[in-house]
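One structure is given below, encoded as structure tokens.
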Amino acid sequence: MHNEDNTRENAAVETGRNFIEDMIASDVAAGKMRVQTRFPPEPNGYLHIGHAKAICINFGMAEKFGGKCNLRMDDTNPAKEDIEYVEAIKRNVEWLGFRWDALCFASDYYEKHYESACILIEKGLAYVDDQSGEEIRATRGTLTAPGTESLWRNRSVEENRVLFQAMRAGEFPDGSKVLRAKIDMASPNINMRDPVIYRVLRATHYRSGDDWCIYPMYDFAHPISDAIEGITHSLCTLEFEDHRPLYDWAVENVGLWPDPPHQTEFARLNMTRTIMSKRYLKMLVDNGSVAGWDDPRMPTLSGIRRRGFPPAAIRRFCEMIGVAKSNSVVDAAMLEYCVRDELGAKAHRMMAVVKPLKVTIENWPEGVYEDVVLENMPGDEAAGSRTMRFGRELWIEADDFMEDPPKKFFRLRPDGEVRLKNAYIIKCVGFDVDESGKVIGVRCTYDPDSKSGAEVRKVKGTLHWVSAADAVDAEIRLYDYLLLPDDDPETAGKDFSERMNPNSLEVVHGKVEPALAGRNEGESFQFMRIGYFCADPDGTPEKPVFNRVVGLKDSWAKQK
RNA sequence: UGGGGUGUAGCCAAGCGGUAAGGCACGGGACUUUGACUCCCGCAUUCGUAGGUUCAAAUCCUGCCACCCCAGCCA
């Protein structure tokens, strides 16, 4: 019996792996003494949930193998980068719960990049090209036709040395010269057709200022930076697969590192109804479609955090989706599951009414109140409790009353009974409508013997409620996805800009129990049966604001 | 039409020659003072496709098909 259980458990542990973990494990088994990874974003925008996958993989692998992981800013393009993004990235990584061993900047390696390029020149493996950008493009060839060699390809080492120094010294205008790796203009891999590795660019870098007027390209800076940091496993996304031969070429030919890094690629994260492109996200911010990078609708880590997704849920999600090489689109329901699961165990249960409907208890005297105890976590006394006054006038959810309900409606109906959570069973004895026929109030009586905890008859439905005397007005923001459903025949396959969901935000004015007033930003609660909500920093103690994190499963809603 | 990748259920994803893990979603049931949670049960005779090798193929071989990435002085 015990043996069997153990065997099954061990088997489960064995299968919890992915190909990258297997690879590192076998590297370690083969004698590699060190595991060093890095997460290398360019600080040109905010990180999103897709980056969380890369963060979890890079930091996670280091953690699993007792190795180290650096946070490196891949800042080799001064035109796009900013310190604002650096700070946001640091906050996001910390928020996810990871600690970097070193905070690095590609810009700190500029001198070493330069020296590495000089080595290539001395070896006759790099040359200064005088062609214009257009000429370079035109002579690169096409997918099917080889490129043609530049007239400047066979300059002498001396000439290249002098010219490259002059480039650095600022003797040439932007775009007039580049340094190219001398590889093979006929290579079937376009990345190997003498790629540009340095360009002249006069832009003030957010860190190095105007120290440099030449900047290394990603294809050169990245492998060299990895090698400088002693990275053992350079884990990146699939689109860099074609660049790997160049990566290896650079490290090998500069030749300074006996134990060079190796690149391994995995599929980037895509998710249904979600935009996963810095370019589009930046567009949404710039054109005012959202309030900013941290708008709770945004899939950015800052947005997700503000929405109320707990970092542990993101980490769990990244575990759950696995690591592989096939392009895939993960169902956002999986993320929501992780969020619900995490919050279900941690978020206090609170009463709030999103769309209020007045209930009057006709056999309860006016001006009389009774304290009702509400547990923070039913079944867990240690989590504490608070009270709210039960009185003659209460608010319930407008959707919880139906004048003429279908068969399986368990909530309030004319002549029907329900329990008010933690309070009494009430019976509907009438309701009032306005001129348009809309229900504006429900009249009930309560059963004095049915106080919560009492052994009386069971009723099918239990409603959440807020007493009119204690209710605090709150602004409640109900968020939906930024994009229309993927299977919408109207917009399927279209560009993001044509798939924007016009109803991604609904603001309603609800009533919440007093314990919810003045809550701290970031705290999440379960509003009974409605969903999880997070206190937003926009709120005040008098008028709190809550963002819906995710809804609860609702089998009744599904029936309808 | 060049090169590099990938195809296992509605969606992720294990599997690496011995007879299709797991999760999400979905359906059914139990429980319930949240129609939540939890707990049971069900959910691929078949692995893009057509052949071949083998006692045995998702796994090996061959052909074909589909999808993704690459022609920035972006990363």
Side-chain angles (χ1 to χ4, degrees), chain A residues 11-12 14-18 40-42 44 74-77 79-81 129 131-133 136-138 140-147 174-180 187-193 195-201 214-215 217-219 221-222 236-245 265 267 272 278 317 319-338 340-341 344-345 349 351 378-379 408-411 418-423 425 450 452-453 458-464 487 526-531 552-559:
Chain A
E14 289 305 316
T15 57
R17 300 190 155 202
N18 59 60
E42 183 189 14
N44 66 345
D74 231 347
D75 53 358
T76 54
N77 184 358
K80 292 187 174 176
E81 296 146 7
D129 194 340
Q131 292 183 112
S132 69
I136 288 178
R137 192 179 318 123
R140 187 152 29 219
T142 67
L143 295 178
T144 52
D174 287 10
S176 60
K177 282 183 169 50
V178 292
L179 184 71
R180 288 232 252 174
S187 172
N189 180 346
I190 295 181
N191 295 299
M192 299 297 270
R193 315 235 263 233
V196 171
I197 58 175
Y198 261 93
R199 77 279 215 181
V200 180
L201 210 194
I214 58 172
Y215 291 91
M217 302 289 290
Y218 165 88
D219 275 323
H222 200 86
C236 64
T237 45
L238 247 31
E239 67 269 29
F240 295 107
E241 261 175 328
D242 288 344
H243 298 240
R244 190 172 52 215
E265 310 83 10
T272 56
K278 266 190 200 171
F317 172 68
E319 276 296 308
M320 197 181 264
I321 58 175
V323 181
K325 298 190 72 153
S326 67
N327 292 303
S328 56
V329 183
V330 174
D331 193 333
M334 225 187 265
L335 212 208
E336 292 183 9
Y337 166 82
C338 293
R340 281 197 307 267
D341 197 49
R349 274 86 239 243
M351 303 251 262
K408 286 211 167 174
F409 186 72
F410 301 156
R411 306 177 196 177
V418 294
R419 172 175 290 284
L420 293 178
K421 178 73 181 166
N422 289 305
I425 291 176
S450 65
S452 184
K458 303 223 175 219
V459 290
K460 193 68 177 159
T462 302
L463 306 187
H464 54 275
D487 56 7
Q526 192 192 84
F527 287 5
M528 315 291 301
R529 212 176 56 226
I530 308 172
L552 252 38
K553 285 191 171 187
D554 185 351
S555 56
W556 164 247
K558 212 170 288 171
Q559 276 178 47

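Computed from a predicted structure; not experimentally measured.
- At a threshold of 4.0 angstrom between heavy atoms, the contacts of Val329(A) are confined to the sugar-phosphate backbone, with no base atom among them.
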Could you write out each protein N or O paired with an N or O of nucleotides 30-32 of chain B at a distance under 3.5 Å?
none

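- Pairing of C73(B), defined by two Watson-Crick or G-U wobble distances under 3.5 Å, is not identified with any nucleotide.
- Protein atom CZ of Arg419(A) is 16 Å distant from nucleotide atom C1' of G35(B), rounded to whole Å.
- Using a 4.5 Å cut-off on side-chain heavy atoms (C-beta onward), Met320(A) and Tyr337(A) make contact.
- In this structure, Ser326(A) does not reach the C68(B) phosphate: none of its side-chain N or O atoms is under 4.0 Å from OP1 or OP2.
- Residue side chain Trp556(A) meets the stacking definition with respect to G35(B): its ring centre sits within less than 5.5 angstrom of the base's six-membered ring centre, and the planes differ by less than 30 degrees.
- As judged by a 4.0 angstrom heavy-atom cut-off over every strand, Ser328(A) is placed among residues touching the sugar-phosphate backbone only.
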Polar atom pairs (N or O), protein with nucleotides 42-44 of chain B, under 3.5 Å:
none

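- Taking 3.5 Å as the limit, the base of G72(B) and the side chain of Arg137(A) contain no donor-acceptor pair of atoms between them.
- When the side-chain nitrogen and oxygen atoms of Lys325(A) are compared with OP1 and OP2 of C69(B), none of them lie within a distance under 4.0 Å.
- Note on Gln526(A): a base of the nucleic acid sits closer than 4.0 angstrom, heavy atoms only.
- If you check G17(B) for Watson-Crick or wobble pairing at under 3.5 angstrom, you find it has no partner at all.
- In this structure, Gly147(A) reaches neither bases nor backbone, as no heavy-atom distance under 4.0 Å exists between it and the strands shown.
- A distance-only check finds a donor-acceptor pair linking the side chain of Arg193(A) to the backbone of Ser187(A) [under 3.5 Å].
- Salt bridge Glu265(A)/Arg244(A): present, at least one basic N to carboxylate O contact under 4.0 Å.
- The distance between atom CD1 of Ile136(A) and atom C1' of C73(B), rounded to the nearest whole Å, is 7 Å.
- Distances shorter than 4.0 Å separate some side-chain N or O of Arg199(A) from OP1 or OP2 on C74(B).
- Counting to the nearest Å, the C1' atom of U33(B) and the CG atom of Leu463(A) are 11 Å from each other.
- Side-chain proximity of Asn77(A) to the nucleotides A71(B), C74(B), U34(B) is greatest for C74(B).
- Remark: U6(B) base-pairs with A66(B). Criterion, Watson-Crick or G-U wobble with two distances under 3.5 Å.
- When both pairing distances are held under 3.5 Å, G35(B) makes no Watson-Crick or G-U pair with any nucleotide shown.
- When the nucleotides A75(B), G3(B), C11(B) are ranked by their closest atom to the side chain of Asp242(A), G3(B) comes out on top.
- Counting heavy atoms from C-beta on, the side chains of Ile530(A) and His464(A) come closer than 4.5 Å.
- Rounded to a whole Å, the NE2 atom of His243(A) is 11 Å from the C1' atom of A71(B).
- Here the nucleotide nearest the side chain of Ser555(A), chosen from C12(B), C73(B), G35(B), is G35(B).
- Interface remark: the Thr144(A) side chain does not form any donor-acceptor pair with the U1(B) base, using a distance-only criterion of under 3.5 Å.
- Taking atom CG of Leu335(A) as the reference point, atom C1' of C24(B) lies 11 Å away to the nearest angstrom.
- Atom CZ of Arg193(A) and atom C1' of G72(B) are 15 Å apart (whole Å).
- The phosphate of C24(B) has OP1 or OP2 within less than 4.0 Å of a side-chain N or O from Tyr337(A).
- Closest to the side chain of Met528(A), from the set C12(B), G5(B), U34(B), is U34(B).
- The shortest distance between the side-chain N/O atoms of Lys553(A) and the OP1/OP2 oxygens of U34(B) is not below 4.0 Å.
- On a pure distance criterion of 3.5 Å, no polar donor-acceptor pair joins the side chain of Asp554(A) and the base of G35(B).
- OP1 or OP2 of G72(B) sits under 4.0 Å from a side-chain N or O of Arg140(A).
- Rounded to whole angstrom, the span from the OH atom of Tyr198(A) across to the C1' atom of G72(B) amounts to 18 Å.
- The base of U34(B) has none of its N or O atoms less than 3.5 Å from a complementary donor or acceptor on the side chain of Arg529(A).
- Residue-level contact check: Gly344(A) touches neither bases nor backbone, having no heavy atom under 4.0 Å from any strand.
- Proximity of a side-chain donor or acceptor of Thr272(A) to a complementary backbone N or O of Asp331(A) within less than 3.5 Å is not detected.
- Distances shown here put every side-chain N or O of Arg180(A) at or beyond 4.0 Å from the OP1 or OP2 atom of G72(B).
- Side-chain proximity of Leu143(A) to C69(B), A14(B), C70(B): nearest is C70(B).
- Listed for the Thr142(A) side chain is a donor-acceptor partner under 3.5 Å among the backbone atoms of Thr144(A).
- Lys177(A) comes within 4.0 angstrom of no nucleic acid atom, judged by non-hydrogen atoms across all strands.
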